[in-house]
Amino acid sequence: MTHLHGSTHLRLGVNIDHVATIRNARGGLHPDPVRAALAAADAGADGITAHLREDRRHISDEDIAKLKGTIALPLNLEMAPTEEMLEIALRSRPNASCLVPEKRQELTTEGGLDIVRHASLLEPYIAKLRAAGIRVSLFIDPDRQQIEASRNVGADIVELHTGVYCEARHGKSDAEIDFELKRLQEAAEQADEIGLEVHAGHGLDFESAGEVAAIPQLVELNIGHFLIGEAIFGGLDSSIRRMRAIMDNARAKSSGSKSA
Ligand code: PXP
């Protein structure tokens, strides 16, 4: 399959979970994740991502309903593959559902959802979400077998777990960092080739996002913790605008070097 790369806009999905984490620390209404989503839209976000966890440690059911009713941007609902979450997704109709692991046994060694092992469990969830018009994304390691399995279970999108790469950047050798970046590059290429839309996320900051954004097959980055943390120092608007500029710049450079 041939896709358009390089010059295309790299979407930024802003994950607002940790606005709810701060709100919940006091049990009140402030800061409001919906207000953060509206501010993210003004600052140039292309989508809003929220993870409704089984233990509701940050985002609540009410947040999801309010987000869906208020924001104009597409909502990406991160959720565990459970009956309860499926019901909520079918009711709230996000633009996309990203299936993520929440229990130890669902995890691969690196932290993605183990599609190879749980294919038969996941297939019915994916089919029901897709039948309702919800795009399905699977959060996986940058691993050949997991990518192949994601296609086979009917996913529309894979979100490549960037956590190992981001951690490597803090203290590992240049060779190890390059190795992890190469894994992401190769995984993005493979996924795109077999017709999956490719997203990436977890642990990204200004520097790591700048590197990852240059991978031409990527269509979207989902970033939360760093942007919300950085907002403490310069405000949410400034942290998102700076990330947006870094991503655009990386994308412009990589498409320029391709056509040169
Ligand atoms: N993508 C997925 C699937 C996630 O679960 C998370 C974390 O909630 C992120 C992206 C964003 O990671 P971070 O908060 O480290 O930027």
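First listed ligand is number 1; within each ligand, the first listed atom is number 1.
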Legend entry - Atoms in ligand 1 with a heavy atom of N222 nearer than 4.0 Å: 10 (C), 11 (C)

Inset, instruction - Name the closest protein heavy atom to atom 15 (O) of ligand 1, giving the residue it belongs to and the distance to 0.1 Å. - result: G203 N, 2.8 Å

Legend entry - Cation-pi, Y165 ring and R183 (6.0 angstrom, 45 degrees): no

Inset, instruction - Please confirm whether E159 comes within less than 3.5 Å of ligand 1 when only nitrogen or oxygen atoms on both sides are compared. - result: yes

Legend entry - V100 N/O to ligand 1 N/O under 3.5 Å: no

Inset, instruction - Ignoring angles and geometry beyond distance, decide whether H225 reaches within less than 3.5 Å of ligand 1 through its nitrogen or oxygen atoms. - result: yes

Inset, instruction - For N15, counting its heavy atoms only, list the atoms of ligand 1 lying under 4.0 Å from any of them. - result: 8 (O)

Inset, instruction - Pull out every atom of ligand 1 sitting under 4.0 Å from any heavy atom of I223, numbered as shown with elements. - result: 16 (O)

Inset, instruction - Grab the two heavy atoms, one from A168 and one from I177, that are nearest each other, plus how far apart they are. - result: O-CG1, 3.4 Å

Legend entry - Identity and separation of the nearest protein heavy atom to atom 2 (C) of ligand 1: E78 OE2, 3.1 Å

Inset, instruction - Decide, yes or no, whether a salt bridge links D156 with R130 under the criterion of side-chain N to carboxylate O below 4.0 Å. - result: yes

Legend entry - Intermediate values then yes/no, salt bridge (Lys or Arg N to Asp or Glu O under 4.0 Å), E197 and R135: CA-CA 10 Å; E197 184 172 308; R135 305 186 76 217; 2.8 Å; yes

Legend entry - Protein heavy-atom partner closest to atom 7 (C) of ligand 1 - residue, atom, separation in Å: H202 ND1, 3.8 Å

Inset, instruction - Please indicate whether any nitrogen or oxygen in G224 is less than 3.5 Å from any nitrogen or oxygen in ligand 1. - result: yes

Inset, instruction - Indicate yes or no: does an N/O atom of H18 lie under 3.5 Å from an N/O atom of ligand 1? - result: no

Inset, instruction - Starting from the C-alpha separation in whole Å, work towards a yes-or-no answer on salt bridge (Lys or Arg N to Asp or Glu O under 4.0 Å) for D178 and K172. - result: CA-CA 10 Å; D178 286 350; K172 294 274 173 78; over 6 Å; no

Legend entry - Test item: side-chain donor near acceptor, Q190 and D192, under 3.5 Å: no

Legend entry - Contact summary for T8 and R251, nearest pair of heavy atoms: O-NH1, 3.3 Å

Inset, instruction - With heavy atoms only and a cut-off of under 4.0 Å, state how H161 meets ligand 1: side chain, backbone, both or neither. - result: neither

Legend entry - Side-chain ion pair, E211 and K182, N-O less than 4.0 Å: no

